[in-house]
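To start, the structure under review is shown below, and the notes come after it.
Values in this document were obtained by computation on a predicted structure and should not be read as measured data.
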Amino acid sequence: MKKIIAVLAALVLVIGCFAACGGAGEETTAGTDETTTGAADSLTATDGVLVMATNAAFPPYEYKEGDDFAGIDVEIAGKIAEKLGLTLEIKDVEFGSIVGGVQTGKFDMGMAGMTVTDERLESVNFSTSYATGIQVVIVAEDSAIASLDDLKGDGTMTFGVQQDTTGDIYASDTVEKGGYGAENVVRYKTGADAVQALKTGKVDAVIIDNEPAKSFVAANEGLKILDGEWTLENYAIAINKENTALLNAVNNALAELTADGTVASIIDKYIPAADDTAEETTEAAA
């Protein structure tokens, strides 16, 4: 809840970005209705291939099943690739390297339960939001931390986060800005590493998205999720700022996939609608 205003501000910037993408002098042919049904090889660095960077340690959005990738983002990306007449290729990388890789053209897009932030908007553009996520806090069942109000940035508590995520960014901010201070935050390469640190008493709490949190708590006895939302944010797809053709094409594909119920059905597959604690919702594509 602390960061809703910041997220909304970021979304305003995204909307402005979308409007700018169709300006005079820019390549706008990929923004037409024909984009999602015609050949789209020129939209990508490698003809016929849509390279997506992700961090496959974020269930149910992206994870590995043996040698295969699975999850909400994986399936939505696959449907987008189909719409564009491309073959999806997934690269599993560290979360913190996704934005930089998209910015330099190493990857065509980044999709990893990624939230729109002011800092990321300086490096990449973002698609229309396709889902809303909630960040929560995991603690030990016998922890003295009983509610979100008990969390303090006074040096008496340490917080585990996945490095470079919004949980990291927000928690590392000053107390005056709603964070707990960078000196009280311990960064891990994956959410699973942060949870393991909590289990062994190295941190007092873990800040992470709700759906991965539920998966981690279900797989690890002795942990619980505190009631309430730590923050609410929107997920979108990172795309190179110069590739307005791909941005428009992806937005058109998302609009079609949202309108025909595909996005909702994929999310419902991994987050059953009957689960009242699952607050993930699809967003209407603009």
(request) Run the numbers on N234 and T132 for side chain to side chain donor-acceptor pair (under 3.5 Å), then give the verdict. (result) CA-CA 4 Å; N234 290 274; T132 299; 3.1 Å; yes
(request) Taking all heavy atoms of A182 and all of R187, pick out the closest pair and write down the distance. (result) CB-NH2, 3.8 Å
(request) Return yes if some donor-acceptor pair links the side-chain N/O of S172 with the main-chain N/O of I169 below 3.5 Å, else return no. (result) no
(request) Identify whether NZ of Lys or CZ of Arg in K64 sits under 6.0 Å from the centre of the six-membered ring of F69 and within 45° of that ring's axis. (result) yes
(request) Could you tell me if the ring centre of Y235 sits under 6.0 Å from that of Y61? (result) yes
(request) Could you tell me the separation between the CG atom of N210 and the CD1 atom of I225, rounded to the nearest 0.5 Å? (result) 5.5 Å
(request) Measure the spacing between CG of L198 and OG of S143 and express it to the nearest 0.5 Å. (result) 8.0 Å
(request) Could you tell me whether the side chain of V217 reaches within less than 4.5 Å of the side chain of K224, counting heavy atoms only? (result) no
(message) Can a donor-acceptor pair be found, under 3.5 Å and without considering hydrogens, that links the side chain of N240 to the backbone of E242?
(response) yes
(message) As an exercise, state the distance from CD of Q135 to CG of L232, rounded to the nearest 0.5 Å.
(response) 10.0 Å
(request) Take atom CD of E183 as the centre, draw a 6.0 Å sphere, and report whether it contains more than 12 heavy atoms from other residues, nucleotides or ligands. (result) yes
(request) Any chance you could lay out the side chain to side chain contact (heavy atoms under 4.5 Å, CB included) test for I80 and Y130, step after step, and finish with the verdict? (result) CA-CA 12 Å; I80 290 172; Y130 60 89; over 6 Å; no
(message) Minimum heavy-atom separation for I237 and L254, please, with both atom names.
(response) CD1-CD1, 4.1 Å
(request) Measure the shortest side-chain to side-chain distance between T231 and Y170 over non-hydrogen atoms and say whether it is less than 4.5 angstrom. (result) yes
(message) Quick one, D73 and F58 - any side-chain contact, counting heavy atoms below 4.5 Å?
(response) no
(request) Apply side chain to side chain contact (heavy atoms under 4.5 Å, CB included) to the pair M111 and T54, showing each step before the final yes or no. (result) CA-CA 6 Å; M111 200 170 180; T54 195; 5.6 Å; no
(request) Locate the shortest heavy-atom distance separating A171 from V161; write the atom from each residue and the value. (result) CB-CG1, 4.5 Å
(request) Could you tell me the separation between the NZ atom of K79 and the CG atom of L257, rounded to the nearest 0.5 Å? (result) 8.0 Å
(message) Check this for me: D260, atom CG, are more than 12 non-hydrogen atoms of other residues, nucleotides or ligands nearer than 6.0 Å?
(response) yes
(request) Rounded to the nearest 0.5 Å, what's the gap from CG on L151 to OH on Y180? Could you check? (result) 4.0 Å
(message) Could you walk me through whether K269 and E75 satisfy the side chain to side chain contact (heavy atoms under 4.5 Å, CB included) test, starting with their C-alpha distance in whole Å, then the side-chain angles of each, then the deciding distance to 0.1 Å, before giving a yes or no?
(response) CA-CA 10 Å; K269 173 182 174 180; E75 292 202 23; 2.6 Å; yes
(request) Could you tell me whether a side-chain N or O of N243 sits under 3.5 Å from a main-chain N or O of L43, the two making a donor and an acceptor? (result) yes
(message) Tell me whether the count of non-hydrogen atoms from other residues, nucleotides or ligands lying under 6.0 Å of CD in E141 goes above 12.
(response) yes
(message) Let's go through F95 and M114 carefully: what are the C-alpha distance in whole Å and the side-chain angles of both, what is the deciding distance for side chain to side chain contact (heavy atoms under 4.5 Å, CB included) to 0.1 Å, and is it a yes or a no?
(response) CA-CA 9 Å; F95 185 86; M114 187 174 291; 4.2 Å; yes
(message) Within the structure provided, determine whether I271 and P60 are in side-chain contact (heavy-atom separation under 4.5 Å).
(response) yes
(message) Restricting to non-hydrogen atoms, name the atom on V203 and the atom on A194 that form the minimum distance, rounded to 0.1 Å.
(response) CG2-O, 4.2 Å
(request) Measure across L148 and E229 and return the closest heavy-atom pair with its distance rounded to 0.1 Å. (result) CD1-O, 3.5 Å
(message) I need the D164 CG to I98 CD1 distance, nearest 0.5 Å.
(response) 9.5 Å
(message) For Q162, run the side-chain hydrogen bond (donor to acceptor under 3.5 Å, both in side chains) check against T190, D193, D168, N55 and tell me which one passes.
(response) N55
(message) Determine whether a donor-acceptor pair (N or O, by modelled atom type, separation under 3.5 Å) exists between the side chain of D92 and the backbone of A56.
(response) yes
(request) Evaluate the side-chain proximity of K241 to Q103: yes if any heavy-atom separation is below 4.5 Å, no if none is. (result) no
(request) Please report the closest heavy-atom contact between V136 and G228, naming both atoms and the distance. (result) CG1-O, 3.9 Å
(message) Quick check: do K202 and V186 have side-chain heavy atoms less than 4.5 Å from each other?
(response) no
(message) Using the rule side-chain hydrogen bond (donor to acceptor under 3.5 Å, both in side chains), only one of N251, N252, T258 pairs with T128; which is it?
(response) N251
(request) Find out whether N184 and M157 are in side-chain contact, i.e. whether some heavy atom of one side chain is under 4.5 Å from a heavy atom of the other. (result) no
(request) Look at the side chain of D108 and the backbone N and O of A45, then say whether any donor-acceptor pair between them is shorter than 3.5 Å. (result) yes
